[in-house]
Amino acid sequence: MSARPDIVEASRRRFLQGATLASGGLLLGVLLPRVAGGAEAVGRPASTEEASFKPNAFIRIDSSGRVTLISKQPEIGQGIKTSLPMVLAEELAVRWQDVRVQQGDLDPAYGNQSAGGSTSTPNNYTDFQRLGATARLLLIRAAAAQWQLPEAELEAADSAVHHRRTRRRLGYGALVAAAARLPLPAPEEVKLKDPKDYTLLGTRIGGVDNHAVVTGQPLFGIDVKLPGQRVAVFEKCPVFGGRVKAANLDAIKALPGVVDAFVIDGTADLRGLMPGVAIVAEHTWAAFSARKQLRVDWDEGPHAQDSWRGFVTQADRLGPQPGAAVVRRDGDVATALAGAAHTVTARYAYPFISHASIEPQNCTAWWRDGKLELWAPTQNPAAGQNLVSSTLGIPKDRITLHITRSGGGFGRRLSADFIVEAAAIAQRVAAPVQLLWSREDDLRHDHYRAGGFHFLRGGVDAQGRVVAWHNHFVTFANRVQRDGASVLQPGSGGALSGDEFPGRWVPNYLLEQTPIECGIPMGPWRAPGSNVFAWVFHSFIDELAHAAGRDPLQFRLDLLGEQELKPGTGERGQPYHVGRMKRVLREAAARAGWSQPLPGAGKGRGRGIAFHFSHRGYIAQVAEVTVSKDGELRVDRVTVVSDIGGQIVNLSGAENQVQGSVIDGLGTLMHAALDIEGGRIVQSNFGDYPLIRLQDAPPRIDVHFLKTDFPVTGLGEPAFPPLAPAVCNAIFAATGKRVRELPLTRTDLRWG
């Protein structure tokens with residue numbers, strides 16, 4: 001059902017009007033009566049500042065022609081600080097060299113400001129087009145009035161309005177005063193550019209922060225420095241949910257450079273303000289040195305005996321039994337399996353892993369005069385403000401949050417625990433305080449990607465078609481209070497939808513789920529859910545293809561079938577578009593030379609193929625690998641074909657996202673694993689939690705985009721999930737070894 005026109009228009013007007021009110025200089029546009037007391041308003045320059053053109057909160061043009069564009073979404077390395085302003089600049093028809101991009105703070109006028117789930121582009125693309133086009137129309141109208149010409153004869157380009165017939169030109173700077181006084185045009189008057197006329201979108205543009213990043217300029221949260229700033233560290237119980245019984249606070253306070261040390265009681269929320277001991281010092285060395293001498297007697301709580309080994313034992317006991325809940329049941333799986341020509345039984349397992357952002361968590365907080373000011377590298381600033389407000393009882397309108405660039409996010413900075421910790425500490429200190437997590441803190445107090453176990457049975461008939469699929473998913477959950485009751489809540493990515501492929505494609509399908517209770521805090525991790533489900537399902541599909549003796553590509557195409565749309569995918573209400581997926585699958589195979597013989601195939605060399613629909617993107621990948629006889633893996637080439645809609649915003653950024661997904665996916669596949677003993681994380685730093693090294697990265701990553709007639713979507717997540725199954729399927733083709741447990745270090749790849 002389409003949205004009601006009056007609702008769409010009301011939303012648009014509120015978006016433009018709210019943005020206008022936040023600009024602080026000019027009001028431009030028709031204001032709602034509830035805002036302006038029934039008055040109609042047009043733009044007028046504030047008496048105290050230079051006249052400039054501010055048609056909304058995101059665009060400002062001064063009389064010199066300099067254009068300032070606001071980037072409202074947090075920049076976490078995904079390039080959004082460059083790409084969304086490019087959308088504004090394209091419709092505004094300005095030269096990119098005239099543009100300065102400024103990071104916006106948390107402000108209701110900007111609308112949603114979270115960065116996660118590859119939503120920043122699809123949620124803002126159309127609005128930003130209209131914002132830029134509206135400002136362009138106002139500038140054209142200002143020139144038309146000055147020249148006494150019909151606006152239809154004028155066009156905007158290169159930061160100016162042109163009348164081609166008379167070769168007249170007016171730079172935007174000369175038009176801002178007049179444009180600022182014009183009323184907001186009616187929606188039907190605003191025309192977007194034809195994509196064939198784009199001069200900026202689809203080109204390669206370097207990140208607006210690139211120079212500052214490579215020259216070490218202060219951009220990140222950890223770079224914040226304020227006059228009189230103190231440094232804080234926060235020691236939490238190594239067992240999640242533990243509390244402080246006693247600590248040697250007097251001894252710590254007596255150490256050189258220490259300002260204060262105190263206990264924070266915290267809350268029961270595993271993802272909120274955890275109990276611990278704060279140390280505030282004059283500088284970093286004093287804070288970290290004092291922490292080494294801190295002695296805390298902990299009440300370790302109910303999860304002190306949790307261990308990964310125990311979880312594995314529990315899962316292996318539960319797996320063969322009926323699940324605690326039936327998520328989806330179609331047909332009669334037992335009968336179909338009994339009558340299948342070939343059956344496959346498999347157990348797939350993967351561990352808890354950390355986000356391991358290069359910049360550890362940090363936040364700077366300044367509590368003064370009953371107000372709190374925060375500087376945070378966050379993916380979700382509103383969540384930070386909300387958590388601080390609800391936990392510490394500070395009204396939201398007394399909390400200012402400045403968004404800094406993040407040194408990686410991957411979902412970790414959607415949580416706000418480090419923000420509320422800094423705020424709680426700052427309330428005890430008469431100066432700005434920067435809370436710094438160590439690398440050990442970051443690994444041992446993460447909100448982890450949940451581990452999981454899939455107990456699978458599948459069957460194919462004599463024609464090589466999948467006729468049965470049974471998956472008992474044993475996952476992890478935290479006990480929480482909901483509506484006055486104690487319930488188990490699966491971690492992010494720990495709940496599997498019955499609509500997830502191949503659900504609805506197999507006539508006899510059973511998906512069961514059983515939670516294992518744990519005290520380990522879990523949170524979204526790049527491509528939540530998809531990052532592991534794709535590996536499990538597309539590896540098992542490969543097993544069924546080989547059991548049927550069929551070509552893995554054709555087997556997948558036949559499984560997808562001929563129905564163009566599969567409604568009810570459960571992902572943001574988007575139907576699964578089979579035609580789009582089959583197209584990227586065929587294109588990836590063709591570009592990788594799937595039908596051509598691979599020298600050494602089956603003797604240490606192999607190709608593998610996989611696809612996945614994730615976060616609105618359709619992606620297929622083909623991996624080529626070489627495995628030495630002693631089990632050493634080299635990924636030689638990865639071919640990626642993506643369908644993310646009708647327009648690539650920044651080609652350079654898009655290629656970077658795909659290449660980064662491949663490398664990140666390979667590093668996760670090869671190395672990432674956390675051990676749990678005594679209710680605590682064993683790993684502490686990159687020495688025992690290694691990241692991928694340059695020599696392990698594929699020397700060739702071929703990136704291709706299909707331009708299709710569908711809405712634009714994001715790319716931070718969709719290209720990640722297919723990498724692991726493509727590589728593992730290639731390993732099987734090369735060696736006959738099937739990888740069913742992550743990371744690869746847990747599988748012996750030696751062959752021959």
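Under 3.5 Å, the side chains of N650 and S83 contain no donor-acceptor pair of N or O atoms.
Side-chain contact check for F613 versus F501: every heavy-atom pair is 4.5 Å or farther apart. When side chains are defined from C-beta on, D269 does not count as touching L273, because their heavy atoms never get closer than 4.5 Å. Between Q229 and T364, the closest side-chain pair of non-hydrogen atoms falls below 4.5 Å. Between H402 and L374 the shortest side-chain heavy-atom distance does not fall below 4.5 Å.
E235 has a carboxylate O that lies under 4.0 Å from a charged side-chain N of R291, or vice versa, which qualifies the two as a salt bridge. A salt bridge is absent between R243 and E300: the closest approach of a Lys/Arg side-chain nitrogen to an acidic carboxylate oxygen does not fall below 4.0 angstrom. A salt bridge between D417 and R412 is present, with a side-chain N of the basic residue lying under 4.0 Å from a carboxylate O of the acidic one. Ionic pairing of R439 and D442 is present here: one or more N-O contacts between side-chain nitrogen and carboxylate oxygen are shorter than 4.0 angstrom. Of the charged side-chain nitrogens involved, at least one lies within less than 4.0 Å of a carboxylate oxygen, so that E373 and R368 count as a salt-bridged pair.
Rounded to the nearest 0.5 Å, atoms OG (S406) and CD1 (I358) are 13.0 Å apart.
By the neighbour-count criterion of 12 heavy atoms within 6.0 Å, atom NZ of K371 is sparsely surrounded, having that number or fewer from other residues, nucleotides or ligands.
Relative ring orientation between F453 and W308 is described as parallel, the plane-to-plane angle staying below 30° on a 0-90° scale split at 30° and 60°.
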Salt bridge (Lys or Arg N to Asp or Glu O under 4.0 Å) evaluation trace for E359 with R405
CA-CA 10 Å; E359 179 192 20; R405 187 180 174 108; over 6 Å; no

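Each of S114, P74, S415 was compared with N380 under the side-chain contact (heavy atoms from CB on, under 4.5 Å) criterion, and only S114 meets it.
The distance between the ring centers of Y110 and F58 falls below 6.0 angstrom. Ring centroids of Y448 and F476 are separated by 6.0 Å or more, keeping the two rings apart.
Scanning for side chain to side chain donor-acceptor pair (under 3.5 Å) contacts around N123 gives an empty result, with sequence neighbours left out.
Within the cation-pi definition used here (under 6.0 Å to the ring centroid, within 45° of the axis), R449 does not qualify as a partner of F352.
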